[in-house]
Amino acid sequence: MSSILVYISTNGGKVKRSSLEVLSHCREQAGKNGLELAAVVLDPRAEDYIDTLQSYGAKTIYTVSNPIFINHLNAPVSQALEQVIAQSKPRVFACASTEGTKDVLGALAARTGGAALPDVAAFDVTADGVSALRPVMAAKILSQNDARADLILVSVRSGSYDASPSPVVAGVVPVDFVPADISQVLRDVLSSAGDKIDLSEANVVVAAGRGIKDEEGKQLVEELADALGAAIGASRAVVENGLFPATTQIGQTGKVVSPELYFAVGISGAVQHTAGMSNSKVIVAINKDGDAPIFQMASYGLVGDLYKILPLLTAEIRALKSA
Amino acid sequence: MKFIVCIKQVPDVYAPLQIKNGELSMDTDRMVLNAYDASAVEEALVLTEQHGGEVEVVLIGPDKAKETIRKALAMGASRGHHIHVEDSTGLDSAAFAEILTAFFEKNSCDVIATGKQSQDTDSGLAGGMLAAHLSLPYAANAVGLHIDGGNTLVVKRQGDTGQEMIALPFPCLVTCSNDMNNPRIPSLKGIMASKKKPVESLTLEDLGLTLDGVRESVKTTTLSYREMPAREAGKKLEGDAEELVSNLLNLLQNEAKVL
Amino acid sequence: MDDKFDCIIVGGGIAGLSAALTLARSNMKFLLVERGEFSGAKNVSGGVLWGSRLADLVPDYWQEEAGFERYVRHRRLTFLDDQSAFSIDFKSDHFNEQPYKGLIVLRSKFDNWLAGKVEEAIAESSYPEDSFIATNILVDTIIMESGRAVGIRTGEEEFHADVVIIAEGVNNLLTRQVGLQDNYVPADYMATGVKEIIRFDQNVLEDRFQLDGNSGLTNEFIGFASDGVEGGGFLYTNKDSVSIGLVLNLKSMRENLSQDRKVYDILSHFKSHSAVKDMLRGGEVVEYSAHVVSTGDQRALPRELYTDGVLLAGESANLLLNSGKAIQGMDYAMESGILAAETVAEAKAKGDFSKNTLKEYRKKLDDSYVMKDLRNFQSAVQFLHSHEMFTSVPKVVNEFGRSFFTVDNKPTPKTPAMLKDAVSKHSSLWNMIKLGIKGARSL
Ligand SMILES: Cc1cc2nc3c(=O)[nH]c(=O)nc-3n(C[C@H](O)[C@H](O)[C@H](O)COP(=O)(O)OP(=O)(O)OC[C@H]3O[C@@H](n4cnc5c(N)ncnc54)[C@H](O)[C@@H]3O)c2cc1C
Ligand SMILES: Cc1cc2nc3c(=O)[nH]c(=O)nc-3n(C[C@H](O)[C@H](O)[C@H](O)COP(=O)(O)OP(=O)(O)OC[C@H]3O[C@@H](n4cnc5c(N)ncnc54)[C@H](O)[C@@H]3O)c2cc1C
Ligand SMILES: Nc1ncnc2c1ncn2[C@@H]1O[C@H](COP(=O)(O)O)[C@@H](O)[C@H]1O
């Protein structure tokens with residue numbers, strides 16, 4: 001039986017929520033199309049994830065355990081995925097859209113001769129291919145795309161589907177993988193502070209923009225995030241000026257987030273920013289300019305000075321949480 | 001050291017646009033240099049200014065797209081290659097990567113730089129596809145580049161939780177983020193010089209391809225466009241900080257029920 | 001010197017581009033510098049290019065459709081009071097002939113298109129690689145040497161030319177720098193223009209405004225539109241949108257607008273009139289912009305339109321006429337740009353770029369319709385300034401309209417009586433007669 005193969009991304013010893021979202025949607029698609037649901041994990045200890053994956057319905061789990069996967073490097077990842085694809089011959093290869101998968105999707109499509117639909121907001125497997133909706137033009141427009149090929153590769157924006165468990169007992173296929181000669185060398189990994197909570201998985205995000213002018217402002221944001229148990233995000237403006245690390249950037253160039261609650265603090269709401277957060281459930285905007293475009297999409301817009309609002313807000317939230 | 005940067009002409013996403021019968025229609029026919037490619041050109045220029053060498057650009061597109069090649073030449077690139085395809089509607093990243101592959105089989109360089117994605121479609125595929133076809137080591141989403149020892153490109157790439165420093169031996173390929181730099185605005189002297197710089201005109205046939213052949217390799221199609229479902233503006237609160245905060249908390253707790 | 005130009009043009013609006021096209025066709029080596037990212041990027045206009053001069057610059061332009069939105073076939077002048085609208089309406093097949101007598105344009109598109117024509121002309125000229133349109137460059141200064149202009153400075157860079165055509169538009173900083181315009185132009189000679197573009201489904205627009213193919217409607221408004229401020233409103237149909245806006249006198253705005261009311265509020269007021277609202281129903285605002293514009297008062301003209309090594313074209317010289325039936329700024333810009341370039345070509349042939357030769361430009365302009373109309377219609381400009389024109393006149397007109405068009409089960413007064421009655425309600429007969437005579441003379 002042909003299959004949908006889901007490539008699983010992990011972080012800190014756990015399967016990423018966005019991968020579970022994709023897995024859940026693919027389970028439904030596999031059911032509709034009479035396909036089998038398979039998953040592949042690349043990790044120094046790929047076996048560790050079997051329980052989670054079978055609880056979300058993966059019938060076959062390819063585990064590729066190799067120390068090389070401790071850090072991300074595109075060559076071994078695409079080699080391993082190419083090998084698993086050759087072995088399992090899926091009709092559809094799906095993954096969550098992350099910086100890690102974006103790094104390999106094009107090369108993998110070229111190497112396998114597959115068709116690629118990157119960064120989709122929704123997709124359906126059909127009798128003869130895949131049809132998908134993709135945000136384009138800085139997410140102002142949705143385009144309806146079709147792919148027809150023996151193999152179709154899809155990456156899915158986080159938050160597009162709900163992750164819902166549906167336990168099965170999986171067959172586990174350990175894959176014997178030997179990386180071919182790799183000419184790239186990973187010299188260093190610079191991890192930044194500020195990603196204590198994974199941004200793209202967070203339920204609450206406090207995002208800072210150019211309205212945050214200095215360290216003092218940054219501290220106000222950090223305190224609010226701390227009080228809320230939120231992840232910190234940022235607009236390009238404050239990543240560019242060095243106040244916030246690049247990992248926190250949300251938008252067309254940065255990450256896509258879809259939390260329950262999103263605070264846009266001192267962010268004007270340029271399309272390239274909103275491209276990454278417009279799927280948030282509740283958006284709170286704090287901006288002193290009542291005409292800022294962010295107010296057109298905010299659930300609650302506070303017109304005022306963030307330097308005055310944030311300390312009060314943080315204090316009130318702390319009081320609320322301790323009550 | 002020689003860089004060849006792949007540049008694309010894209011519609012200006014700031015220009016008003018609308019959808020008519022499922023097709024995208026731009027009010028102005030304004031086209032611009034893809035912002036990510038502009039960053040790639042900028043970084044290549046900075047590196048060659050530091051280490052010697054030159055920067056060339058290659059573009060697949062219609063006649064009108066020559067202005068975009070000129071823009072890169074005005075920034076400081078020394079030579080342009082224009083692969084002329086007047087009507088590229090329907091071509092996807094895979095098709096462009098196939099054409100670029102044929103080009104690079106005839107034109108060698110130390111580093112191929114592309115944008116991390118096209119600003120209009122956000123595909124982000126062509127770079128990796130090109131690297132795979134040419135069997136080159138590559139890294140995507142570069143936010144910083146430097147040259148090490150004359151034959152190694154060190155890429156700082158933005159990953160999911162941090163940044164990775166990856167060394168790539170020449171020849172290699174890198175896809176560039178616009179977070180890498182702010183592309184220079186061409187000076188008047190640069191603009192004037194750009195007109196005298198050589199631009200090689202190529203056809204698909206020159207590269208041993210045909211448009212029909214390329215179209216056959218297209219595997220994805222865009223069927224139609226539609227508006228993004230718009231978010232409704234919610235409540236706008238005004239007043240002093242105390243009022244704002246207490247109103248907000250009230251709404252978050254009792255209306256949105258997220259606290 | 002290798003990179004000395006015959007001419008440098010500052011500003012890539014209609015004046016600058018028309019000059020450039022003319023220079024390219026005269027085989028001159030020139031540089032046009034535009035500060036916007038592209039020609040048209042910074043240009044706001046309600047959008048009717050009057051007259052048929054474009055056909056001289058770009059023969060058969062109508063064949064390609066690009067560039068303009070619609071041609072003017074249907075014209076309307078509307079007087080508004082707070083409840084009614086009284087229009088003079090004229091539609092004619094006579095307007096269908098090419099070249100058209102008026103084109104409705106969107107500047108961001110039209111200027112960009114015209115710039116493309118200049119590029120084509122450069123490519124065909126003797127200086128395909130030595131004449132330029134350079135965008136995204138701001139000219140800081142005109143370089144003067146012993147009283148004559150010799151070039152421009154932008155940032156650190158300097159470029160030299162025999163003549164500089166200043167076509168920088170209404171903000172005329174450089175015009176002042178070279179001493180041709182006073183630093184202070186009274187607010188009374190200046191207006192502010194606001195405009196919205198409102199988009200419709202093209203079929204809806206064509207049905208609603210009875211447009212056929214590329215034909216278009218222009219509608220000017222007097223009265224309620226400007227809410228007591230001196231000025232008027234306009235509505236032009238584009239391909240699938242309308243441009244609607246106001247031109248309001250700056251001085252009158254200062255005097256009649258309370259602090260918290262903005263230009264935008266007057267525009268909303270205008271749009272809320274039921275006659276206007278009915279035209280705009282279902283449309284979506286896609287753009288809002290505001291821009292200063294001259295009123296066409298002759299007193300705002302610069303001291304002179306040329307000096308050694310300099311010519312002024314378009315609105316940098318406040319060349320504009322607002323006679324009530326049309327705003328003519330773009331056609332003046334085009335005409336003056338062409339004439340300036342022709343003068344430069346003649347000066348080049350003579351090898352003399354002093355005032356002595358350049359004064360020919362003034363002569364050409366004086367002989368053209370531009371200066372003739374500017375002079376002849378001054379009283380119309382003044383007439384439009386009269387307070388009654390946007391207060392009592394529209395009221396009188398509508399009062400009359402109301403009685404004239406009302407059919408009721410009562411004895412109907414004769415028309416002259418209706419008129420008299422309308423006048424006495426909102427003004428005095430004497431005032432209206434004075435105004436009538438003034439108006440008749442001025443137009
Ligand atoms: C190809 C491309 C990709 C891009 N990708 C991204 C991306 O991924 N993410 C991204 O964010 N941007 C991106 N951008 C940049 C984007 O266009 C905007 O420039 C950026 O988002 C602006 O950030 P901002 O809202 O913080 O700053 P601004 O637009 O400067 O807004 C700052 C806001 O803060 C408010 N403010 C100032 N002081 C206070 C105060 N004391 N209290 C309250 N409010 C205050 C101001 O009123 C203003 O609205 C991209 C651009 C391009 C061209
Ligand atoms: C709301 C409104 C409605 C109008 N409606 C009409 C109408 O219906 N019909 C009509 O004929 N006219 C109309 N006008 C007037 C018309 O727009 C102007 O008269 C006309 O644009 C003048 O053309 P120009 O080329 O002289 O100047 P502009 O079109 O203003 O062009 C000047 C150019 O110079 C550039 N520039 C300025 N300074 C520099 C510098 N230092 N360095 C480099 N570049 C520089 C600017 O960016 C600009 O592109 C209207 C104006 C307004 C505001
Ligand atoms: N038509 C083209 N001509 C030259 N380079 C291109 C073209 N299309 C795509 N590219 C390059 O490929 C990158 C990624 O493209 P995409 O896959 O469309 O997101 C771009 O940033 C360019 O560097």
Side-chain angles (χ1 to χ4, degrees), chain A residues 11 71-72 98-100 102-103 105-107 109-111 115-119 135-149 183-192 195 239 246-247 252-253 260-261 278 282 284 295-304 308-309 312-313 316, chain B residues 13 17 19 24 93-94 97 120-129 131-133 137-141 143 154 158-169 177-179 219-228 231 233-238 241-242 244-245 248-249 251-252 256 258-259:
Chain A
N11 182 31
N71 287 304
H72 173 83
T98 67
E99 292 307 343
K102 282 180 188 173
D103 194 21
L105 198 68
R111 293 167 71 127
L117 290 170
D119 233 20
V136 295
M137 302 307 290
K140 286 194 283 190
I141 302 283
L142 276 175
S143 85
Q144 170 86 52
N145 292 76
D146 253 15
R148 302 244 184 294
S183 56
Q184 4 161 258
V185 180
L186 180 68
R187 289 233 177 130
D188 204 357
V189 177
L190 319 166
S191 52
S192 38
D195 26 76
V239 168
T247 15
Q252 191 181 10
T253 303
E260 293 285 309
L261 179 56
S278 59
V282 175
V284 176
F295 287 124
Q296 287 161 22
M297 56 159 31
S299 326
Y300 306 116
L302 277 60
V303 184
K308 296 209 181 86
I309 295 171
L312 282 172
L313 184 59
E316 291 288 325
Chain B
V13 297
L17 51 93
I19 294 163
L24 209 54
S93 301
D120 55 342
T121 61
D122 285 340
S123 296
L125 295 170
M129 289 174 161
H133 287 314
Y138 76 97
N141 201 15
V143 291
V154 181
Q158 182 63 47
D160 285 299
T161 53
Q163 289 159 345
E164 294 130 25
M165 303 291 280
I166 295 161
L168 303 171
S177 167
N178 63 335
D179 286 342
K219 297 189 181 85
T220 64
T221 49
T222 300
L223 300 176
S224 64
Y225 295 95
R226 64 178 87 152
E227 300 285 353
M228 200 67 159
R231 279 188 81 99
K235 297 194 166 110
K236 197 144 123 190
L237 314 177
E238 296 185 49
E242 276 88 9
L244 289 175
V245 168
L248 175 67
L249 287 180
L251 289 165
L252 289 178
V258 284
L259 271 190

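Each chain gets a letter, A, B and so on, in the order the sequences are listed, and its residues count up from 1. In this text, all values refer to a predicted model and were calculated from it rather than measured experimentally.
When each of B:Asn178, B:Asn141, B:Val154, B:Leu24 is checked for heavy-atom pairs under 4.5 Å with chain A, B:Asn178 comes out on top. Ranked by non-hydrogen atom pairs under 4.5 Å with chain A, the options B:Glu227, B:Arg226, B:Glu164, B:His133 are led by B:Arg226. Of the listed residues (A:Gly100, A:Pro135, A:Ala298, A:Ala138), the greatest number of heavy-atom pairs within a distance under 4.5 Å of chain B belongs to A:Ala298. Taking chain A as the reference chain and counting heavy-atom pairs below 4.5 Å, the highest number among B:Ala132, B:Ser93, B:Ala167 is found for B:Ala167. Comparing B:Glu238, B:Met129, B:Glu242 by how many heavy-atom pairs each has under 4.5 Å with chain A, the most go to B:Met129. The greatest number of non-hydrogen atom pairs below 4.5 Å with chain A, out of B:Val143, B:Leu248, B:Leu168, is found for B:Leu248. Counting heavy-atom pairs closer than 4.5 Å to chain B, the top residue among A:Asn145, A:Leu105, A:Leu142, A:Ile309 is A:Leu142. Per-residue heavy-atom pair counts under 4.5 Å with chain A were compared for B:Pro169, B:Ala126, B:Gly127, and the maximum is reached by B:Pro169. Your options are A:Gln296, A:Gln252, A:Lys308, and the one with the most heavy-atom pairs under 4.5 Å with chain B is A:Gln252.
With rounding to the nearest 0.5 angstrom, the CE atom of A:Met297 is 6.0 Å from the CZ atom of B:Arg231. Taking CG of A:Leu117 as the reference point, atom OG1 of B:Thr220 lies at 6.0 Å (rounded to 0.5 Å). The line from OG1 of A:Thr253 to CG of B:Asp179 is 5.5 Å long, rounded to the nearest 0.5 Å. Distance CD1/B:Ile19 to CE/A:Met137: 10.0 Å, rounded to 0.5 Å. To the nearest 0.5 Å, atom CG of residue B:Leu244 and atom CG of residue A:Leu312 are 9.5 Å apart. Distance CG/A:Asp103 to CD1/B:Ile166: 6.5 Å, rounded to 0.5 Å.
Looking at A:Asp146, its side chain never comes within 3.5 Å of a backbone N or O of B:Thr221 through a donor-acceptor pair. With hydrogens and angles disregarded, no donor-acceptor distance shorter than 3.5 Å links the side chain of A:Tyr300 to the backbone of B:Leu249. When atom types are taken as modelled, the side chain of A:Lys102 and the backbone of B:Ala140 share no donor-acceptor pair closer than 3.5 angstrom.
Counting only heavy atoms from C-beta outward, the side chains of B:Leu252 and A:Leu261 approach each other to under 4.5 Å.
Heavy-atom minimum distance, B:Met228 versus A:Ala139: CG-O, 3.6 Å. A:Ser143 and B:Thr222 make their closest contact through CB-CG2, 4.1 Å (heavy atoms, listed as atom of the first residue, atom of the second, distance). Heavy-atom minimum distance, B:Ala256 versus A:Val282: CB-CG2, 4.0 Å. Counting all heavy atoms, side chain and backbone alike, A:Thr98 lies closest to B:Asp160 at CB-OD1, 3.3 Å. Considering all non-hydrogen atoms of both residues, B:Val258 and A:Glu260 come closest at CG1-O, 4.3 Å. Across A:Thr247 and B:Gln158, no two heavy atoms sit closer than the pair CG2-NE2, 3.2 Å.
Of the two parts of A:Val284, only the side chain, counted from C-beta on, holds a non-hydrogen atom closer than 4.5 Å to a non-hydrogen atom of chain B. Residue contact with chain B, scored on non-hydrogen atoms closer than 4.5 Å, involves the side chain of A:Asn11 exclusively. For A:Ala109, the part sitting under 4.5 Å from any heavy atom of chain B is the side chain, from C-beta outward, and nothing else.
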